[in-house]
Amino acid sequence: SQQGEEDPQALSIQEGENATMNCSYKTSINNLQWYRQNSGRGLVHLILIRSNEREKHSGRLRVTLDTSKKSSSLLITASRAADTASYFCATVRNSGNTPLVFGKGTRLSVIA
Amino acid sequence: GAVVSQHPSWVICKSGTSVKIECRSLDFQATTMFWYRQFPKQSLMLMATSNEGSKATYEQGVEKDKFLINHASLTLSTLTVTSAHPEDSSFYICSARQDTREAFFGQGTRLTVV
């Protein structure tokens with residue numbers, strides 16, 4: 001079942017601007033991951049943040065996690081046209097060997 | 001990161017035929033593999049979870065007799081779409097994980113049933 005809900009569903013920005021995408025989830029989690037998907041292609045893992053972490057950085061990416069609000073955000077700084085893609089958050093629940101459950105995704109368009 | 005190879009990357013088949021999709025973990029032992037389905041402009045929906053040597057666990061609404069999953073070894077899982085119909089046309093993606101570590105995804109298979 002779908003757990004994560006991203007917003008906005010679609011985001012269009014100018015190159016050089018920052019893009020922020022949010023994700024909310026429903027159950028307790030072990031970790032939350034962000035993925036990127038170019039149109040019609042596979043998934044690229046961007047970053048994983050564990051439930052005991054609050055913030056993580058990777059290059060131009062910054063992810064935050066607020067387990068009290070069951071939400072996460074992905075910030076892409078100084079966006080580039082090549083960042084145009086769909087971005088999904090996915091959660092792994094605490095219990096057992098459970099699968100990633102994906103949100104609906106945000107379609108990001110970066111205009112040069 | 002680890003490599004998961006999915007094959008074929010695209011396939012066109014006639015209605016009523018069966019199609020097999022392979023998912024291989026190339027440099028780690030995948031104790032668990034997951035199969036997802038994605039319709040255009042939508043998210044990934046989990047179809048089933050398979051543990052090596054066990055029967056797959058299917059999500060509600062997924063027909064196990066139509067989507068046959070085999071996970072006979074720690075490096076290979078297959079999804080067979082039996083008696084395919086046009087409504088089965090979709091993007092199928094596998095994911096492999098060793099124990100409870102990070103999951104890695106294949107590049108997906110675009111199935112078109114004509």
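Note on naming: letters A, B, ... go to the chains in the order of the sequence lines (proteins, then strands), and numbering restarts at 1 for each one. Below, each value reflects all heavy atoms present in this structure, side chains not excepted, and no hydrogens, waters or symmetry copies.
- Atoms NZ and OG, from B:K41 and A:S39 in turn, are 8.5 Å apart once rounded to the nearest 0.5 Å.
- Judged by distance alone, with hydrogens and angles left aside, the side-chain atoms of B:S43 form no donor-acceptor pair with the main-chain N or O of A:G105 at under 3.5 Å.
- Looking at B:Y36, its side chain never comes within 3.5 Å of a backbone N or O of A:F102 through a donor-acceptor pair.
- Atom CD of A:E53 is surrounded by more than 12 heavy atoms from other residues, nucleotides or ligands within 6.0 Å.
- Separating the CZ atom in B:F104 from the NE2 atom in A:H45 is a distance of 7.5 Å, to the nearest 0.5 Å.
- B:F34 and A:L43 fall within the same hydrophobic cluster, where Ile, Leu, Val, Met, Phe, Trp and Tyr residues are linked whenever their side-chain heavy atoms come under 4.5 Å apart, directly or through other members.
- With a 6.0 Å radius and a threshold of 12 heavy atoms from other residues, nucleotides or ligands, A:R60 has its CZ atom above the threshold.
- Contacts of A:Q37 with chain B are made by side-chain atoms alone, with heavy-atom separations under 4.5 Å and no backbone atom involved.
- Following chains of ILVMFWY side-chain contacts shorter than 4.5 Å, one cannot reach A:L46 starting from A:L48, and the two form parts of different hydrophobic clusters.
- Closest approach of A:R41 to B:F91, counting heavy atoms only: O-CE2, 3.3 Å.
- Counting heavy atoms from C-beta on, the side chains of A:L100 and B:L44 never come closer than 4.5 Å.
- In this structure, B:K66 places its NZ atom where more than 12 heavy-atom neighbours from other residues, nucleotides or ligands lie under 6.0 Å away.
- Neither the backbone nor the side chain of B:Q6 comes within contact range of chain A; no heavy atoms are under 4.5 Å apart.
- Counting heavy atoms of neighbouring residues, nucleotides and ligands inside a 6.0 Å radius, atom NE2 of B:H7 does not exceed 12 of them.
- In A:K56, the NZ atom is crowded: over 12 heavy atoms of neighbouring residues, nucleotides or ligands sit closer than 6.0 Å.
- For the pair A:V92/B:R97, a side-chain contact is recorded, criterion being any heavy-atom separation below 4.5 Å from C-beta on.
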